[in-house]
Number of protein chains: 2
Amino acid sequence: MTSRLEALCMEKGLKMTGQRRVISQVLSEADDHPDVEEVHRRAVQIDPRISIATVYRTMRLLEDAQVIERVDLGDGRARYEEATADHHHHLIDTRTGRIIEFASPELEAMKERIAHELGYKIVGHRLEIYGVPLDDAGDDAQDEEERP
Amino acid sequence: MTSRLEALCMEKGLKMTGQRRVISQVLSEADDHPDVEEVHRRAVQIDPRISIATVYRTMRLLEDAQVIERVDLGDGRARYEEATADHHHHLIDTRTGRIIEFASPELEAMKERIAHELGYKIVGHRLEIYGVPLDDAGDDAQDEEERP
DNA sequence: ATCATACTGAAAACCGTTCGCAATCCCAGA
DNA sequence: TCTGGGATTGCGAACGGTTTTCAGTATGAT
């Protein structure tokens with residue numbers, strides 16, 4: 001069965017090897033933001049003969065083909081998500097590591113305006129919010145020592 | 001002569017060694033966002049016997065003491081700036097690498113609101129805008145291939 | 001001045017990522 | 001369907017930024 005991303009790859013004219021098929025499948029099924037190691041872990045479960053180097057190479061390939069997008073969440077390793085048309089950003093739950101995506105047209109407009117005021121045209125941007133759930137934010141939220 | 005940051009370090013009760021004094025001086029005089037290697041380069045000019053390991057250690061120390069702040073501009077290495085009371089963000093000129101700081105109370109409020117709507121309390125956040133100058137944005141700005 | 005303690009330099013270890021190379025695979029063309 | 005040759009792979013080595021180890025040194029409280 002050909003996965004969503006595999007179809008996309010073929011559309012883009014990428015040579016479809018067994019490894020790329022497996023990685024595409026893994027990424028199609030992922031609903032989180034896995035890093036390379038995690039993608040490899042999942043890929044190996046489908047076909048044990050996939051090396052981490054190939055995962056690295058394939059992620060870069062898919063990124064260049066704009067099939068996936070790299071997300072730098074400041075934890076020192078690259079994470080990935082499927083490429084989407086709309087710009088969105090991430091709220092990271094510092095307690096659990098959960099990542100919540102959100103979009104805000106107003107925010108986009110405001111950034112656009114700020115850049116313009118500074119004499120610049122935006123070619124890219126990223127916003128990350130680190131937070132703790134409101135309900136249990138009372139205890140150690142104040143001196144939560146994060147190194148984002 | 002004791003530099004601004006050196007005074008701050010003493011206030012915080014940090015043991016002031018020769019190396020820390022020099023690094024504090026370098027950071028006090030910096031008006032840009034140097035990475036560790038750059039700080040080391042400048043420090044060595046004042047006292048050649050400072051090792052890069054000490055710079056790494058001192059930067060971490062000063063960061064933990066909230067004397068300086070680490071800025072991750074997505075270029076794979078840590079950059080630093082003096083800690084400030086107000087939250088500000090960075091606009092990076094992708095042509096020249098120039099970094100422009102800016103602050104926007106409205107932006108802060110909007111982020112606060114967004115996080116709140118998602119049920120979160122903000123403990124940290126960062127926004128980076130990558131852009132090109134408006135005046136010469138016409139040529140290759142469209143397909144500027146950045147990997148931020 | 002003394003001394004325990006914290007700090008330093010140098011080199012090795014680390015971690016995520018990329019590269020070099022020989023072996024292997026994919027697929028356009030026959 | 002078979003084949004040839006460029007693209008892709010696995011492995012291990014290399015890489016760049018950062019941290020650590022360890023023996024030697026400097027600091028500042030006494």
Side-chain angles (χ1 to χ4, degrees), chain A residues 2 5-7 9-26 33-65 67-80 147-148, chain B residues 2 6-7 9-26 33-41 43-65 67-80 147-148:
Chain A
T2 90
L5 258 52
E6 183 183 339
C9 288
M10 299 183 74
E11 268 177 48
K12 303 242 177 185
L14 301 181
K15 186 189 262 193
M16 287 317 291
T17 67
Q19 292 82 330
R20 288 182 185 173
R21 244 180 284 274
V22 170
I23 293 168
S24 296
Q25 184 191 332
V26 165
H33 296 72
D35 58 22
V36 170
E37 218 178 322
E38 182 58 32
V39 173
H40 181 234
R41 205 173 292 129
R42 296 178 194 176
V44 159
Q45 236 141 313
I46 300 172
D47 179 349
R49 68 162 86 220
I50 294 177
S51 87
I52 188 95
T54 295
V55 179
Y56 272 108
R57 278 187 285 236
T58 304
M59 299 308 272
R60 180 194 266 273
L61 181 83
L62 297 185
E63 190 191 351
D64 289 347
V67 171
I68 59 176
E69 265 168 33
R70 178 195 299 240
V71 216
D72 174 2
L73 263 25
D75 59 354
R77 69 204 113 153
R79 295 170 166 280
Y80 293 89
R147 191 182 297 280
Chain B
T2 92
E6 183 182 341
C9 287
M10 299 183 74
E11 269 177 46
K12 303 242 175 185
L14 301 181
K15 184 191 262 193
M16 287 316 292
T17 67
Q19 292 79 331
R20 288 182 187 175
R21 243 180 283 273
V22 170
I23 293 168
S24 296
Q25 184 191 331
V26 165
H33 297 74
D35 57 23
V36 171
E37 218 177 322
E38 182 59 32
V39 173
H40 181 234
R41 204 172 294 130
V44 159
Q45 235 142 311
I46 301 171
D47 180 349
R49 66 163 85 220
I50 294 178
S51 86
I52 188 96
T54 295
V55 179
Y56 271 108
R57 278 187 286 235
T58 305
M59 298 310 272
R60 181 195 265 273
L61 180 84
L62 297 185
E63 190 190 351
D64 289 347
V67 172
I68 58 175
E69 267 168 29
R70 179 195 300 239
V71 216
D72 174 2
L73 264 22
D75 59 353
R77 69 203 113 153
R79 296 169 166 280
Y80 294 88
R147 190 183 297 281

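This structure is a prediction, so every number in the text was calculated from the model and none was measured. Note: hydrogens, waters and symmetry copies are ignored here, and every other heavy atom, side chains too, is used. In what follows, chains are A, B, ... by sequence order, proteins preceding strands, each numbered from 1.
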Taking OP1 and OP2 of D:dC11, is either one under 4.0 Å from a side-chain nitrogen or oxygen of A:S51?
no
Spacing of A:L61 atom CG relative to D:dT9 atom C1', expressed in whole Å:
13 Å
Bend angle of the helix from C:dA1-D:dT30 to C:dA30-D:dT1, from helix axes over five pairs at each end, nearest 10°
30°
For B:R57, side chain to side chain donor-acceptor pair (under 3.5 Å) partners two or more places apart:
none
Figure out the CZ/P separation between B:R60 and C:dA6, and round it to whole Å.
18 Å
Can you check the B:L62 CG to C:dC7 P distance for me, whole Å?
12 Å
Find the distance A:Y80:OH to C:dG16:P and express it as a whole number of Å.
13 Å
For A:I50, which contact category applies under a 4.0 Å heavy-atom criterion: base, sugar-phosphate, or nothing?
sugar-phosphate
Check whether any side-chain N or O of B:Y56 sits under 4.0 Å from OP1 or OP2 of D:dT19, and answer yes or no.
no
Does the pair B:E63/B:R60 count as a salt bridge with the N-to-O cut at 4.0 Å?
no
How close or far is atom P of D:dG16 from atom CG of B:D35, stated in whole angstroms?
14 Å
Could you list the residues that satisfy side chain to side chain contact (heavy atoms under 4.5 Å, CB included) with B:A65, not counting sequence neighbours?
B:K12, B:L14, B:V67
Could you tell me the separation between the CG atom of A:D75 and the P atom of C:dG16, rounded to a whole number of Å?
10 Å
Length of the line joining A:I52:CD1 and D:dC11:P, which is rounded to integer Å:
12 Å
Side chain to side chain donor-acceptor pair (under 3.5 Å) partners of B:R79, counting only residues at least two apart:
B:D75
In 5'-to-3' order, the base (B), backbone-only (S) or no-contact (-) status of each nucleotide in nucleotides 20-27 of chain C, using a 4.0 angstrom heavy-atom cut-off, is B-----BS
Run the side chain to side chain contact (heavy atoms under 4.5 Å, CB included) test against A:E69 and tell me which residues pass, sequence neighbours left out.
A:E81, A:A83
Verify the contact: side-chain N or O of B:R20 to OP1 or OP2 of C:dT8, cut-off strictly under 4.0 Å; return yes or no.
yes
Under the ring-ring contact (aromatic ring centres under 6.0 Å, His included) test, residues paired with A:H40 that sit two or more places apart:
none
Can you measure A:H40 atom NE2 to C:dG16 atom C1' for me and round it to whole angstrom units?
14 Å
Restricting to side chain to side chain contact (heavy atoms under 4.5 Å, CB included), what partner residues turn up for B:R20, sequence neighbours left out?
B:K15, B:M16, B:T17, B:T58, B:L61
With DNA chain D as reference, determine whether A:V55 or B:R77 sits nearer its 5' end, using the nearest nucleotide of each.
A:V55
In residues 47-54 of chain A, what donor-acceptor pairs under 3.5 Å come from side-chain atoms, sequence neighbours left out?
from: A:D47; atom 1: OD1; to: A:R49; atom 2: N; distance (Å): 3.0
from: A:S51; atom 1: OG; to: A:A53; atom 2: N; distance (Å): 3.3
from: A:S51; atom 1: OG; to: A:T54; atom 2: N; distance (Å): 3.3
from: A:S51; atom 1: OG; to: A:T54; atom 2: OG1; distance (Å): 3.4

Answer whether the closest heavy-atom distance between the side chains of A:I68 and A:M59 falls below 4.5 Å.
yes
